[in-house]
Amino acid sequence: MKLKNRKLSEDEFFDLRKEVLSQWPTGKEVNLKEAVDYLKKVPDEMNFAKKLKKAKEEGITLAQPRAGVGLIDKHIELMNFLSKEGGADLLPCTIDSYTRQNRYKECEVGIEDSIKEGRSLLNGFPAVNHGVKGCREVFEGVDKPLQARHGTPDSRLLSEIIHASGWTSNEGGGISYNIPYAKNVSVEKTLYDWQYCDRLAGFYEEQGIEINREPFGPLTGTLVPPSISNAVAIIEGLLAAEQGVKSITLGYGQGGNLNQDIAAVKALEEQAESYLKRFGYKDCYVTTVFHQWMGGFPEDEAKAFGVISMGSMAAALAGATKVIVKTPHEAHGIPTKEANAAGIRNTKMTLSIYEGQKMFMSRELEEEIEIIKAETDCIINKIIEVGKGDIALGTVKGIEMGIIDIPFGPSKFNLGQMMPARDNQGAIRYLLTGNLPFTNEIIDYNRSKLEERGRYEDRKVDFKMTIDDIYAVSRGKLIGRK
Amino acid sequence: MKLKNRKLSEDEFFDLRKEVLSQWPTGKEVNLKEAVDYLKKVPDEMNFAKKLKKAKEEGITLAQPRAGVGLIDKHIELMNFLSKEGGADLLPCTIDSYTRQNRYKECEVGIEDSIKEGRSLLNGFPAVNHGVKGCREVFEGVDKPLQARHGTPDSRLLSEIIHASGWTSNEGGGISYNIPYAKNVSVEKTLYDWQYCDRLAGFYEEQGIEINREPFGPLTGTLVPPSISNAVAIIEGLLAAEQGVKSITLGYGQGGNLNQDIAAVKALEEQAESYLKRFGYKDCYVTTVFHQWMGGFPEDEAKAFGVISMGSMAAALAGATKVIVKTPHEAHGIPTKEANAAGIRNTKMTLSIYEGQKMFMSRELEEEIEIIKAETDCIINKIIEVGKGDIALGTVKGIEMGIIDIPFGPSKFNLGQMMPARDNQGAIRYLLTGNLPFTNEIIDYNRSKLEERGRYEDRKVDFKMTIDDIYAVSRGKLIGRK
Amino acid sequence: MQDKKTIVLGVIGSDCHAVGNKILDHALTESGFNVVNIGVMSPQEDFINAAIETDADVIMVSSLYGHGEIDCRGMKDKCLEAGLEDVLLYVGGNIVVGKQEWKDVKYRFNAMGFDRIYPPGTSLERAVEDLRADLYKDHRAAV
Amino acid sequence: MQDKKTIVLGVIGSDCHAVGNKILDHALTESGFNVVNIGVMSPQEDFINAAIETDADVIMVSSLYGHGEIDCRGMKDKCLEAGLEDVLLYVGGNIVVGKQEWKDVKYRFNAMGFDRIYPPGTSLERAVEDLRADLYKDHRAAV
Ligand code: B12
Ligand code: B12
């Protein structure tokens with residue numbers, strides 16, 4: 001493995017491919033030629049990339065839930081329920097945690113036990129074990145485009161199987177599916193493995209089949225400052241583009257301050273376009289995804305609905321192409337299909353009220369966009385610098401150095417010296433910048449915003465603030481006031 | 001009865017009072033002197049006017065439900081449930097429909113039947129029948145300020161009883177509790193009767209007791225253009241101020257277009273202040289109330305929660321002093337106390353997320369404020385003109401002439417020639433202006449906004465649009481597209 | 001062409017909800033019925049008098065505000081007394097207080113002599129269909 | 001002053017939820033306990049080895065992601081085998097798949113040998129109180 005940010009040659013790709021497909025017996029089911037033929041027959045309205053493009057052109061925001069259970073028939077039932085009773089516009093297949101760790105043997109046990117006990121013991125759909133046959137059964141049993149949503153550091157085999165099965169979108173990326181989801185996996189390794197997944201999508205693109213790729217925007221979902229997640233999203237977008245990916249959906253997890261949330265989505269879209277152009281990727285189509293609140297949820301369902309609607313509104317007003325939907329069961333556990341559908345209906349109601357309504361430009365919005373862009377530029381430029389122009393190498397080094405530092409990231413490769421907190425309006429700011437390559441101006445700006453809150457609450461600006469902020473939403477507030 | 005917009009003299013007031021108190025036996029229970037003593041002992045946090053003032057100063061939005069049942073103990077239980085389980089900041093006593101028609105005998109039957117059947121057969125709390133004794137029992141049994149909310153054309157006796165019982169706020173007004181709520185009651189009569197209610201509040205003010213008065217903002221709750229409801233609110237505010245009312249809460253019912261909703265609240269507050277000043281009422285304290293969507297609701301509770309949150313968010317961003325809360329049962333019937341509390345919790349969650357966040361000024365917001373103000377000025381100035389400077393007389397004449405014309409108002413005194421519809425962004429515009437005294441510019445502006453939608457949908461701009469718009473929200477959309 | 005059937009339309013009791021009434025009027029008229037709209041806040045007597053005067057085929061009662069159950073009591077008897085045994089009695093809106101089991105509600109109003117009882121959220125198409133089915137034996141369109 | 005008690009803290013199985021773990025670490029340390037945090041994605045063995053090495057008084061298992069029931073099976077037996085019969089076993093987080101009846105969940109984990117089982121949304125104060133009650137007979141503060 002020699003990581004470098006350049007498109008894998010066909011030889012390299014097909015070499016790696018042999019090994020990948022042998023990781024589990026179902027790998028044998030993947031026949032690229034046959035898959036291309038299969039995908040060519042997928043109608044436009046079942047293609048994820050095309051549906052996103054259409055939505056963006058029409059200026060509407062689509063709703064997509066998260067959901068997945070262990071068995072094929074149950075999963076199909078679940079998907080159709082969410083489509084019909086919920087009104088989902090796009091469907092997910094949330095993959096179980098064993099598959100995410102490539103522990104397919106344990107999946108096998110989980111599948112068997114689920115059959116025996118008549119309830120899903122797996123927290124998602126084990127797509128690799130079900131293979132192309134099973135995954136096509138799902139695809140052919142539903143009426144909306146499908147995407148795999150997981151959190152898998154090495155999802156090469158998974159990607160092979162899902163795309164060959166007509167699932168035209170794959171979530172993840174070498175940073176976003178590592179730092180928040182893994183402990184011991186090196187960044188070099190995940191970047192390399194995700195190059196493969198991107199190359200696979202790029203390969204299909206070369207055959208005229210549009211495959212959508214979506215870096216996981218919210219990261220740890222916990223007080224992530226927009227410039228951190230935007231920088232990661234843009235970097236992963238650039239890495240994907242290098243491998244030939246054309247349909248790129250960049251994500252952002254709601255922070256809670258409306259002005260900041262809208263600024264973040266606007267900054268993300270604009271900067272992504274401009275970086276793609278700067279690096280010469282000309283025909284990429286960028287869409288955006290807004291994640292409803294990704295941190296700890298309130299237990300009360302009425303309050304949870306408030307948090308859900310609030311996310312839908314922000315998504316609509318920001319003009320995001322799609323929104324990922326939470327459910328009233330979020331604080332408790334994996335939702336029933338009814339709770340999941342209720343979350344979608346709530347979301348769709350809010351989205352359709354705000355259909356066609358956008359947040360208008362104000363001085364404050366402009367300012368927030370500027371600060372997010374400035375911070376993001378600092379990060380990305382430094383990553384390029386330490387990578388000596390290679391953004392993949394720069395990322396490996398940059399994470400080590402703390403140029404990218406993800407709050408509460410479980411990975412041992414994450415520096416963990418950055419600490420966020422909310423300012424007096426609830427916007428997420430940098431409490432400690434750790435090794436983030438910010439200018440003094442930016443550091444002072446963040447500090448002064450937090451000092452303002454400190455004065456208002458008559459408290460010290462310290463880690464206690466962060467902790468209080470982490471709990472706040474689940475306790476019915478945005479800001480963890482003293 | 002000779003209506004005139006001038007403060008009732010003490011003689012006139014006490015003359016009328018004799019007759020008022022004799023309308024039902026409980027009238028005898030009201031002793032103004034004793035009531036003043038009672039009210040002087042009401043602690044600040046139980047005074048409606050003071051709590052509103054404090055909220056406005058702190059920049060927060062309070063949540064108030066609607067609720068009322070027939071029997072005293074059940075009503076106290078309900079109030080405490082909404083305060084404790086819902087987190088209501090202010091409490092209501094929604095008055096039943098017989099009391100609203102001064103049909104106290106039927107109330108008596110309703111109370112007896114409710115006792116017999118063990119469930120409330122009345123759709124609200126019959127405060128007059130329960131008298132000062134019963135109403136004080138309620139007041140002393142709850143922990144938040146109380147307001148009567150009703151829809152009573154002649155609420156003079158009701159007002160006497162509730163204020164003497166420690167309820168420090170009264171909703172209603174001579175236009176807003178007539179046109180949407182009555183069929184045959186003359187405007188002259190209701191204006192006159194509401195002068196009495198205002199004079200009563202003014203009397204208490206003279207004794208150093210702050211009583212809050214709130215004209216009913218949303219009127220018929222159905223596609224009311226902001227300038228209509230703002231004009232009515234401001235006029236009722238001026239009429240109240242003349243009678244000595246100092247704490248005035250002006251209301252607006254959510255339309256659904258965020259920009260228009262926020263503009264409406266801002267225009268309302270600013271114009272009210274400036275009209276009050278213009279007419280020499282100097283020490284009034286104006287607060288605002290935002291009503292969550294007042295039209296037909298979706299039946300699905302998940303969707304209803306979406307509509308509810310959307311209203312809370314607009315209220316918070318508009319900086320309204322309080323928001324009136326709907327419930328997930330709205331489309332079905334009077335809510336259970338659990339559903340009501342759930343509506344409040346949902347609202348409070350959304351409000352606290354947006355606490356301290358306001359909508360920033362944009363060119364579009366400025367423009368919308370300007371158009372609402374211009375329309376409102378046309379109406380109010382014409383009312384003053386036809387009243388030859390007397391705004392009470394002008395109102396009577398103005399309604400007759402259609403200078404004020406409330407869509408779908410059941411009153412036979414309402415002209416009913418104005419017709420509203422939504423524009424392409426969902427803002428409520430004038431489809432037919434009837435006899436509204438608008439400039440050609442305003443008429444053209446409204447027309448062009450609707451023509452834009454007509455072109456977009458390729459349809460005629462006509463009453464079919466209005467009908468489709470009326471159903472839209474209950475069907476999960478804001479705009480009733482073709 | 002069949003002859004136009006006449007419907008007396010109104011909102012019963014002290015109920016001021018006017019929007020549905022105005023739309024029903026509009027829609028039924030558009031569907032070819034002769035609509036006699038007595039409007040909101042109408043006592044039972046006004047429905048019955050209007051039905052007699054106009055030789056109506058159907059009385060459509062709306063009740064939204066929750067007192068419907070009280071307001072509709074005895075209406076069928078009054079119709080019978082007035083010789084309106086052939087006039088159909090429809091009721092719809094939010095006819096009881098609160099969100100109740102629909103089966104029970106329907107049962108209670110059936111027992112009170114109503115021919116058709118509609119839950120909240122009933123579409124106009126549904127009402128028009130039922131009217132046609134009830135009024136024209138061959139179920140053909142009204143006009 | 002009583003001696004500091006030692007707690008082994010970690011998130012079991014393939015579970016990557018790190019936020020609660022970091023906060024528990026911080027809060028328990030602040031409350032005067034000696035915290036040995038083995039972090040996320042920890043197999044049963046890591047908990048047990050850490051407990052042996054540090055002579056721990058309590059093992060606090062977190063499970064958030066839904067596979068807690070599978071991941072915790074047999075843990076008590078392994079503790080006994082390792083001679084940790086006196087070490088208390090706590091578990092908390094979102095320990096089962098979905099929103100289930102808490103009574104049943106508690107019963108199942110009790111049967112698996114856990115001493116204290118916490119539902120979603122448990123406050124840190126509650127956990128600290130229980131620790132003090134279980135570890136110090138006189139229920140006094142830990143420091
Ligand atoms: C943030 C989050 C994430 C982040 C985690 C980032 C990170 N690395 O930490 C991301 C987005 C990566 C994520 C991923 C996943 N998540 Co997640 N996640 C959440 C969420 C929203 C908040 C968790 C959190 O940080 N809360 C804040 C902290 C402070 O609270 P806490 O974690 O609950 O811990 C406190 C208490 O539980 C208690 N406690 C915890 N353990 C113990 C132990 C003892 C002994 C005691 C006394 C107390 C105690 O004290 C802690 C501190 O106060 C929850 C739902 C929720 N709670 O709202 C879902 C949730 C935990 N996740 C869930 C799932 C399923 C997943 C995924 C498997 C799949 C998916 N749907 O994407 C993956 C996990 C992959 C994996 N291998 O683990 C489910 C679990 C379902 C279930 N149990 O039925 C939840 C409940 C959401 C849901 N309803 O579906 N998740
Ligand atoms: C707008 C509204 C108001 C406006 C009415 C303005 C006006 N003058 O028209 C205002 C704000 C003034 C108002 C006042 C009150 N309202 Co109101 N109001 C509503 C609301 C939100 C919408 C009603 C509406 O216009 N819908 C749109 C129209 C098109 O639909 P519709 O009225 O349902 O009519 C359609 C169908 O029902 C059907 N239909 C109706 N009748 C019939 C008959 C037949 C035979 C058929 C086939 C079909 C049919 O066809 C109609 C056209 O499509 C409803 C709740 C809801 N539905 O969301 C509450 C609601 C009807 N109101 C209610 C109440 C209690 C009141 C008040 C008593 C007290 C209060 N809480 O303020 C007062 C009434 C005072 C009085 N004396 O009547 C309750 C009734 C409770 C119950 N039944 O248990 C409701 C259900 C709200 C609630 N959940 O509490 N209200």
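No hydrogens, no waters, no symmetry mates; every other heavy atom, side chains included, goes into these values. Here is how names work: the chains are called A, B, and so on, in the same order as the sequence lines, proteins then strands, and each is numbered from 1.
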Among [range], which ones touch chain A with a heavy-atom distance under 4.5 Å?
{"range": "residues 336-347 of chain B", "value": "B:Ala342, B:Arg345, B:Asn346"}
{"range": "residues 349-358 of chain B", "value": "B:Met349, B:Thr350, B:Ser352, B:Ile353, B:Tyr354, B:Glu355, B:Gly356, B:Gln357"}
{"range": "residues 291-304 of chain B", "value": "B:Pro298, B:Asp300, B:Ala302, B:Lys303"}

| query | Using non-hydrogen atoms only, which part of B:Met361 is less than 4.5 Å away from chain A: side chain, backbone, both, or neither? | reply |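 Only the backbone of B:Met361 comes within 4.5 Å of chain A.
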| Given a strict heavy-atom distance threshold of 4.5 Å, which part of B:Ile308 is in contact with chain A: side chain, backbone, both, or neither? | neither
Heavy-atom check, side chain of [X] versus side chain of [Y], under 4.5 Å:
{"X": "A:Asp89", "Y": "A:Lys144", "answer": "no"}
{"X": "B:Leu450", "Y": "B:Tyr430", "answer": "no"}
{"X": "A:Val265", "Y": "A:Phe290", "answer": "yes"}

With rounding to the nearest 0.5 Å, note down the distance linking [atom1] in [X] to [atom2] in [Y].
{"X": "A:Leu258", "Y": "B:Met313", "atom1": "CG", "atom2": "CE", "answer": "5.0 Å"}
{"X": "B:Lys348", "Y": "B:Ser312", "atom1": "NZ", "atom2": "OG", "answer": "11.0 Å"}
{"X": "A:Leu431", "Y": "A:Lys449", "atom1": "CG", "atom2": "NZ", "answer": "15.5 Å"}
{"X": "B:Leu62", "Y": "B:Ile324", "atom1": "CG", "atom2": "CD1", "answer": "10.0 Å"}
{"X": "B:Glu457", "Y": "B:Asn424", "atom1": "CD", "atom2": "CG", "answer": "6.5 Å"}
{"X": "B:Leu90", "Y": "B:Leu82", "atom1": "CG", "atom2": "CG", "answer": "12.5 Å"}

| Should A:Asp468 and A:Arg459 be marked as a salt bridge (Lys or Arg N to Asp or Glu O under 4.0 Å) after you check the CA-CA gap, both sets of side-chain angles, and the distance that decides it? | CA-CA 12 Å; A:Asp468 289 342; A:Arg459 73 187 284 180; 2.8 Å; yes
Salt-bridge present ([X], [Y]; N to O < 4.0 Å):
{"X": "B:Arg453", "Y": "B:Asp469", "result": "yes"}
{"X": "A:Glu58", "Y": "A:Lys54", "result": "yes"}
{"X": "B:Glu270", "Y": "B:Lys266", "result": "no"}

| field | A:Thr220 side chain vs A:Pro407 backbone, donor-acceptor pair below 3.5 Å | value |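 Indeed, once roles are kept as given, a pair shorter than 3.5 Å links the two residues.
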| query | When you measure from the side chain of B:Thr61 to the backbone N and O of B:Ala320, does any donor-acceptor pair fall under 3.5 Å? | reply | yes
| For chain B, which of A:Glu364, A:Gln425, A:Met359 has the most heavy-atom pairs under 4.5 Å? |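 Among A:Glu364, A:Gln425, A:Met359, the one with the most close pairs to chain B is A:Glu364.
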| field | Pair A:Glu451-A:Arg455, salt bridge (Lys or Arg N to Asp or Glu O under 4.0 Å): steps then yes or no | value | CA-CA 6 Å; A:Glu451 295 291 355; A:Arg455 278 192 305 277; 5.2 Å; no
| Residues in residues 470-482 of chain A that sit under 4.5 Å from chain B, counting heavy atoms only |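 Within residues 470-482 of chain A, the residues under 4.5 Å from chain B are A:Val473, A:Gly476, A:Lys477, A:Leu478.
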| For B:Arg429 and B:Glu368, what are the C-alpha separation, side-chain angles and deciding distance, and is it a salt bridge (Lys or Arg N to Asp or Glu O under 4.0 Å)? | CA-CA 11 Å; B:Arg429 307 289 175 196; B:Glu368 193 64 45; 2.9 Å; yes
| request: Start with the C-alpha distance between A:Glu269 and A:Lys56, add both sets of side-chain angles, then the distance that settles salt bridge (Lys or Arg N to Asp or Glu O under 4.0 Å), and finish with yes or no. | output: CA-CA 12 Å; A:Glu269 197 164 9; A:Lys56 180 164 176 168; 2.6 Å; yes
